[in-house]
Structure formats: structure tokens, C-alpha cells
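Numbered from 1 within each chain, the chains take letters A, B, ... in sequence-line order. Computed from a predicted structure; not experimentally measured.
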Amino acid sequence: MEQERAPGPDFIRRIVIDDVAAGKHGGRVQTRFPPEPNGYLHIGHAKAICINFGIAADFDGECYLRFDDTNPLREDVEYVEAIERDVRWLGFDWDDRLAHASDYFPQLHEFAIELIRQGLAYVDHQSAEAIRTSRGTLTEAGTNSPYRDRPIDENLEFFAAMTRGEFEEGECVLRAKIDMASPNVNLRDPVLYRIRKVAHQRTGDRWCIYPMYDFAHTLSDAVEGTTHSLCSLEFEDHRPLYDWFLEHLPVPHTPQQIEFSRFNLMFTVMSKRRLKQLVDDGHVEGWDDPRMPTLAAFRRRGYTPESIRDFMGRIGVTKKDNVIELGLLENCIREDLNEHAPRRLAVLKPLRLVIENWPEDAEEWLEAANHPNRPELGTRKVPFSREILIERDDFMEDPPRKFFRLKPGGEVRLRYAYIIKCESVVKDENGVVIEIRCSYDPATRSGSGGDPGRKVKGTVHWVSARHAVAAKVRLYDRLFMAPYPGSGTDLGAELNPNSLETLDAAMLEPSLAVTAPGERFQFERQGYFYVDGDGAGDARPVFNRTVTLRDSWAKIERQAMAGQSGR
RNA sequence: UGGGGUGUAGCCAAGCGGUAAGGCAACGGGUUUUGAUCCCGUGAUACGCAGGUUCGAAUCCUGCCACCCCAGCCA
């Protein structure tokens with residue numbers, strides 16, 4: 001059944017299928033998700049996680065979580081903890097396959113020496129500046145370093161001295177000797193090792209030289225036994241270098257690098273630099289602010305890991321540049337929550353409504369379904385009384401056509417209760433409606449079946465004023481106004497000023513008085529809400545809106561608006 | 001004007017020489033005590049463009065165009 005929607009194998013899986021069939025790598029499949037612990041994981045990483053762990057699972061293989069921790073300057077344990085938490089939350093398990101590039105430092109060092117012995121690497125004493133200028137440009141070949149042809153013994157000696165810490169940072173580096181005239185800039189004698197006299201979060205002061213990405217990553221794959229090294233498109237022209245290392249060193253395995261396009265989301269920035277900027281500039285409250293695209297933020301927003309995995313399955317895996325519409329992601333979480341979230345009544349922006357013909361102190365507990373399409377989820381009771389609260393948006397004194405909510409003289413059904421009629425309105429001195437006076441029809445109680453011919457167009461949610469529970473509710477909208485933000489210089493100018501609306505006077509049905517962080521509900525007619533764990537210190541529960549319900553009335557309003565302004 | 005990639009509907013994406021899957025969005029209709037859900041229906045004479053090969057091409061060949069990535073002692 002689920003199978004029907006399952007897309008055919010993507011191009012990577014197709015390659016893996018062929019490899020397994022051909023008995024390549026002994027029929028084994030091993031992948032890895034290799035984050036650098038220098039920031040939080042965002043939803044773009046989720047694609048790589050799903051691909052790597054997903055393919056391993058599909059082929060009964062294994063996937064490592066390997067930290068590419070080769071630059072102690074920017075890395076921190078705070079990030080490794082956050083990354084582990086997020087990968088686990090997404091639903092993946094690496095068992096004992098947790099690794100770090102730093103675990104391989106000793107072997108990597110041996111490989112470097114081996115390259116020197118073969119005359120394929122040399123210690124370059126040029127300055128960083130000199131190395132850059134001699135690299136040439138995209139259209140002009142580079143020039144050889146004056147140190148390029150020094151004897152192997154000398155290189156061995158200098159590299160040993162580098163390792164011992166006898167040179168200062170920047171004094172020299174170890175470079176591969178490949179081809180300074182290569183049209184592929186990555187092959188113009190890339191730096192293999194640089195000196196960094198800083199402690200590493202795992203190896204401490206053991207090393208003062210650290211390997212560069214290409215060298216460390218390739219050989220970590222090879223040592224670990226990776227069969228398919230899956231990465232994003234920007235590493236495509238690093239592949240010749242990747243293969244060069246494998247060709248020239250006595251590696252135990254020869255993994256194959258395959259590149260896919262990273263995923264982009266409309267109205268979202270994904271680069272670590274820009275995300276950090278949002279945090280540092282105070283545009284959001286932190287890396288896990290629910291408006292951020294980090295996994296930690298999606299978690300606090302109320303997204304389920306299932307919905308994100310579903311989403312990743314739907315966007316596919318190709319080499320094509322892509323920018324996904326927000327609608328698809330929202331569809332995924334709505335689909336999940338529609339199925340699983342229990343329904344509740346909650347009034348976000350309350351307006352007092354008095355039922356004049358309801359006895360002063362009487363109350364009635366009405367039965368309400370927890371899920372309209374899943375009776376097995378049971379029912380609960382909600383109290384009804386003379387004074388109730390309805391949504392401000394559900395009343396209009398002078399409504400447009402097709403508004404079938406409450407209006408003067410109009411009738412509407414109160415969800416799970418009675419049909420009421422608006423008899424009059426009460427306004428304050430400024431003319432603002434502050435109370436609606438209604439009458440109710442006792443014959444119309446929900447479920448009573450009385451007078452089946454009696455129908456009203458609209459149904460409205462409500463809460464008994466006397467029984468209601470106050471709550472704090474956060475309404476989120478997209479962080480950016482610009483569909484493709486980040487292209488300009490001023491990120492702040494592209495922000496949506498209304499990305500967060502905090503409501504302090506939301507009123508909930510009493511069954512919501514006790515909730516646990518992490519619980520999800522649908523507030524009927526409004527959206528899905530998540531109980532945030534940051535409510536500490538506040539007696540009231542705090543709800544974050546995950547996503548609204550689809551709203552065809554809003555669409556009609558928008559079209560009407562467009563029709564008015566657009567001649 | 002070096003090298004590496006990519007171009008199928010608004011957004012994704014199948015297709016791999018035999019006459020354009022699917023999802024999301026959009027639009028129309030039905031059910032409905034959530035204007036929700038659910039259900040039904042509608043979209044490319046056409047696959048970046050131009051030639052060519054072939055009985056037959058989105059799929060093969062040639063040329064062109066557009067877009068993305070690369071010159072960190074970052075990953």
C-alpha cells in the first residue's frame with residue numbers, strides 16, 4: 001500500500017544496486033554521514049542523513065556517523081552533542097559506528113609520510129600568500145614552488161620537525177606534488193597538512209599539525225571501509241583528488257565518491273554563516289528558535305521526524321539544482337498531524353459571547369470527539385455555560401459575501417454544542433465590539449439529532465469562559481519575506497517582520513490544563529500546536545504553532561482583496 | 001575566453017530508442033457540526049534551442065544557449 005507511492009530507485013541507489021550485483025566491495029554497502037562539528041544541523045543536512053543512513057538500511061549495510069573534526073579552530077563539543085541528538089531524533093542509529101577523523105590521525109600521518117617517500121609530497125616553506133598567488137587562476141596555470149623538488153630525505157625531516165612542533169603556524173605546510181598546471185585547481189599541489197598550535201577537542205595537545213579536508217576525508221573513508229562516499233555537488237571536482245589519494249596510497253578499501261545536489265528551501269537560508277548571523281544579530285532567539293531551519297528548531301516547532309523523513313523521500317535525489325516550495329514540507333507535516341494529533345478547542349484571540357436565554361449558573365458537559373475520522377481515539381467532555389469565548393475573527397459586524405460565521409442577526413453552530421443566533425452587540429466607547437449577545441436553540445444540541453432539516457452554514461469553536469485555561473501561544477510564520485533570501489547584502493532587510501506573534505491571552509478548553517512538553521494537538525479550525533518545553537517559570541502552558549490548517553477562506557479573502565486593488 | 005556539472009508542467013521528479021509515471025501546488029465538483037480531513041475530475045501534440053541519424057528520439061549524434069560550482073594553510 002505504502003509501496004504505491006514509493007518512487008523508483010534514485011540514481012545513487014541504481015549505482016549501488018549494480019555494484020552489489022557485480023559483487024563490488026564484496027557486495028558490501030557502507031556509507032557515512034560526515035558532519036564537521038562547527039554548527040547545528042539544519043534541514044539541508046537531513047537530506048544527507050536520510051540518503052546515507054537510508055541507503056545503508058536499504059542494502060542491509062552500515063552507516064557511520066563520523067565527525068570530520070580536522071580543524072580544531074572552529075569545532076566544539078557543544079556541536080558534537082547537538083549533532084548526535086539531532087541525528088538520533090531524526091530516527092537514525094549508528095550503534096557502535098561512531099567515528100571521528102581524529103581517530104585516524106596516526107594512520108593519516110603515516111600515509112603522509114608514505115606520500116613523501118614516494119616523492120609525491122613535499123614541505124613547502126612559502127607563505128600562504130605566495131602559495132595563493134603561485135596557484136594561478138582559473139584560466140592560467142600555476143607555477144611550481146621553489147621547494148617543490150627538494151630531496152625526499154629533507155622532506156621527511158622537515159615533516160618530522162613540523163610534527164614535533166619545531167615550526168610556527170604558517171611557516172610551512174605539507175603539499176601533494178601533483179600538477180601546478182592542471183585545469184582542475186584542486187590538483188595544483190593541494191595542501192595536505194598545516195600547523196595549528198591549538199588543542200583539539202578530542203586529541204588535546206597530541207598534535208600541532210592537522211590534515212586538510214581532502215586528505216583526511218578520503219583516507220578516513222578508505223580506512224573505515226566506506227564503499228560509497230556520498231556527498232554534495234560542490235565536491236565533484238574534488239573527486240580526481242579523492243581518487244588520486246586512493247591510487248597512490250596502500251589503502252585497505254577503495255570507496256567511490258558519488259555526488260548529489262543539495263536541497264534548498266524557498267524563503268529560507270541554509271548556510272551556517274547566515275544562520276549564525278541570524279543568531280548573532282538577534283533576529284532570532286537562538287539556534288533552536290522555531291523559525292530557524294535547524295533540526296533543533298523544527299523539533300521545537302512541533303515537526304515530527306517522520307514528516308521530515310517523508311519529505312526527504314518526496315524531494316528525490318538527483319544532480320539538478322533545486323529549490324523546494326514550502327508547501328511540500330507543510331503538506332508533509334499536516335498529513336502526519338492530521339492523522340495523529342488529537343483535536344481540542346482553543347480560542348486564540350477571545351471575544352466574549354453571552355447566551356441570554358441560558359440560565360445564569362447552569363452548565364452542561366458536552367461530548368466532543370478526539371478525532372473526527374478515528375472514533376477509536378475516543379471522546380472527552382467540554383463544559384458549556386452562559387458566557388463563552390469565541391474567536392474574534394469569527395464575528396464580523398459588516399461581513400462580505402460568503403462569510404458564513406457569526407454576524408448580526410445571523411446563526412452559527414457552536415462546535416459540539418448548539419446553534420446560536422446573534423441578537424445584539426455591545427461596543428466600547430471607541431466603537432469596538434467587546435461582547436456579542438446571543439440566544440441558543442435548545443433543540444439543536446450536538447448529536448441530539450433534533451430537527452435534521454435545520455442546517456447552518458458555519459461552525460465555530462468556543463470555550464466556556466468560566467472553565468477556560470489561559471495559555472501562551474506563539475504563532476510562527478516564515479522568517480523571510482524574500483522567496484530566495486540571502487542573495488543581497490542586507491539579510492535583515494529580507495526578514496518578515498511578522499514571523500512571530502505571541503499571544504498571552506489564549507483560552508483553552510479545560511482538558512488542556514495539564515499537558516506534557518512534546519505533546520501535539522490540533523486546535524480545531526486553526527492549526528497544529530506543540531507543547532514547548534521552555535514554559536518553565538510560567539504557570540501557563542506554552543504552545544508553538546507548528547503549521548496552520550489549510551484555509552480556503554483565507555484564500556477567498558486574498559482573492560477578493562486582489563480583485564479590489566487590481567483594477 | 002580553464003575545468004567540472006545541470007537543463008522534462010508553477011515546484012520537485014520518473015523515463016534509459018517505441019510514441020510523456022507520480023507527488024506538491026493550482027483549478028472545478030462531491031461529502032462534511034473543523035471553510036479541515038476525505039473523495040472525484042482537469043494539466044506538457046510536448047521534454048533548453050537548432051540541426052542530424054532512425055520506420056520511430058525526451059531518450060543516439062553534432063552545434064548552440066542558459067544556469068550552478070571551483071583559484072581557504074575551511075569543510
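- Here A:Pro240 lies out of heavy-atom contact (under 4.0 Å) with every strand.
- Atom pair A:Ile178:CD1 and B:G3:P shows a separation of 19 Å (rounding to whole Å applied).
- Between B:C12 and A:Lys320, no contact under 4.0 Å exists linking OP1 or OP2 to a side-chain N or O.
- Residue A:Asn373 contributes atom CG, which lies 8 Å from atom P of B:C38 at whole-angstrom precision.
- Distance from the side chain of A:Asn331 is smallest to B:C24 among B:A71, B:A75, B:C24.
- With hydrogens and angles disregarded, a donor-acceptor distance shorter than 3.5 Å links the side chain of A:Arg334 to the backbone of A:Thr548.
- A:Arg74 comes within 4.0 angstrom of a nucleotide base, judged by non-hydrogen atoms across all strands.
- Distance, A:Lys319 NZ to B:C67 P: 21 Å, rounded to whole Å.
- Looking at heavy-atom distances under 4.0 Å, A:Tyr193 makes no contact with the nucleic acid at all.
- Checked against the 6.0 Å centroid threshold, A:Phe267 and A:Phe480 do not count as a close aromatic pair.
- Checked against B:U34, B:A71, B:G3, the side chain of A:Leu549 finds its nearest nucleotide in B:U34.
- With B:A13, B:A71, B:U6 as the candidates, the nucleotide lying closest to the side chain of A:Leu138 is B:A71.
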Q) Passes ring pair (Phe, Tyr, Trp, His ring centres under 6.0 Å), A:His45 versus A:Tyr40? Steps please. A) CA-CA 10 Å; A:His45 292 111; A:Tyr40 283 74; over 10 Å; no

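- Checking A:Ser511 against A:Arg344 by side-chain atom types alone, a donor-acceptor pair falls below 3.5 Å.
- Checking each of A:Leu351, A:Val347, A:Leu348 against A:Arg392 for a side chain to side chain contact (heavy atoms under 4.5 Å, CB included) leaves exactly one that passes, namely A:Leu351.
- On a pure distance criterion of 3.5 Å, no polar donor-acceptor pair joins the side chain of A:Arg334 and the base of B:U37.
- Across all strands shown, A:Ser261 has no heavy atoms under 4.0 Å from either base or sugar-phosphate atoms.
- Judged by distance alone, the side chains of A:His100 and A:Arg202 do bring a donor and an acceptor atom under 3.5 Å apart.
- Note on A:Ser182: every side-chain N or O is 4.0 Å or more away from OP1 and OP2 of B:G3.
- Side-chain contact of A:His238 with A:Asp214: a donor-acceptor pair under 3.5 Å is present, judged by distance alone.
- At the heavy-atom level, A:Val323 lies under 4.0 Å from the strands shown only through sugar-phosphate atoms.
- B:G28 is paired with B:C40 under the Watson-Crick or G-U wobble criterion, all donor-acceptor distances under 3.5 Å.
- Evaluation of atom-type donor-acceptor distances gives no pair under 3.5 Å for the side chain of A:Thr459 against the base of B:U34.
- The nucleotide B:C67 finds its pairing partner in B:G5, both defining distances of the Watson-Crick or G-U wobble pair being shorter than 3.5 Å.
- Remark: the A:Glu524 side chain and the A:Gln526 side chain contain no N/O donor-acceptor pair separated by less than 3.5 Å.
- A:Tyr303 has its ring centre no less than 6.0 Å from the ring centre of A:Tyr530.
- Of the C1' atoms belonging to B:U59 and B:U19, the separation is 12 Å, rounded to the nearest Å.
- Here A:Arg405 lies in heavy-atom contact (under 4.0 Å) with a base.
- Annotated as syn: B:G72, whose O4'-C1'-N torsion sits within 90° of 0.
- Within 3.5 Å, a donor on the side chain of A:Gln522 pairs with an acceptor on the base of B:U34, or the reverse.
- Comparing B:U37, B:A75, B:G23 against the side chain of A:Arg550 picks out B:U37 as the nearest.
- Among the heavy atoms of the strands, none lies under 4.0 Å from A:Glu75.
- One can find a donor-acceptor pair under 3.5 Å joining the base of B:G10 and the side-chain atoms of A:Glu325.
- Of the candidates B:U34, B:C70, B:C73, the closest approach to any side-chain atom of A:Arg415 belongs to B:U34.
- The residue A:His238 sits close to a base: some heavy atom pair falls under 4.0 Å.
- At a cut-off of 3.5 angstrom, the base of B:U33 holds at least one donor-acceptor pair with the side chain of A:Arg413.
- In this structure, A:Glu171 places its CD atom 17 Å from P of B:C73, rounding to the nearest Å.
- The base of B:G4 lies outside donor-acceptor range of the side chain of A:Asn184, with no N or O pair under 3.5 Å.
- In the set B:A14, B:A71, B:C24, B:A14 carries the atom at the smallest distance from any side-chain atom of A:Arg14.
- Listed pair A:Gln559 / B:C27 meets the phosphate criterion, a side-chain N or O lying under 4.0 Å from OP1 or OP2.
- A 6.0 Å sphere centred on NZ of A:Lys177 holds more than 12 heavy atoms belonging to other residues, nucleotides or ligands.
- Across the interface with RNA chain B, nearest-nucleotide mapping of A:Met212 and A:Glu140 shows A:Glu140 to be the residue nearer the 5′ end.
- The pairing partner recorded for B:A50 is B:U62, the criterion being a Watson-Crick or G-U wobble arrangement whose two distances lie under 3.5 angstrom.
- The side chain of A:Arg194 contributes an N or O atom lying less than 4.0 Å from OP1 or OP2 of B:C74.
- Of the two residues near RNA chain B, A:Leu73 and A:Gly316, the one whose nearest nucleotide lies more 5' is A:Gly316.
- If you take atom P in B:A58 and the same atom in B:G17, they sit 13 Å apart, rounded to whole Å.
- Per the geometry, CZ belonging to A:Arg196 stands 9 Å off C1' belonging to B:C74, to the nearest Å.
- A:Val191 comes within contact range of the sugar-phosphate backbone alone, with a heavy-atom separation under 4.0 Å but no base atom that close.
- Within 4.0 Å of A:Phe263, counting heavy atoms only, lies no atom of the nucleic acid at all.
- Phosphate contact (OP1/OP2 of B:G3, side-chain N/O of A:Arg239, threshold under 4.0 Å): absent.
- Taking only side-chain atoms of A:Ile131, from C-beta outward, the nucleotide of B:G23, B:C69, B:C73 with the closest atom is B:C73.
- Going from atom CZ of A:Arg343 over to atom P of B:U34 covers 11 Å, rounded to whole Å.
- One atom, CD of A:Gln526, and another, P of B:A36, lie 14 Å apart when rounded to the nearest Å.
- Note on A:Gly327: only backbone sugar-phosphate atoms sit closer than 4.0 angstrom, heavy atoms only; bases stay farther off.
- When the C1' atom of B:C68 is taken as reference, atom CG of A:Leu233 falls 8 Å away, rounded to whole Å.
- Close to B:A26, at under 4.0 Å from its OP1 or OP2, lies a side-chain N or O of A:Lys555.
- Using a 4.0 Å heavy-atom criterion, one finds that A:Phe235 contacts the bases of the nucleic acid, with or without backbone contacts as well.
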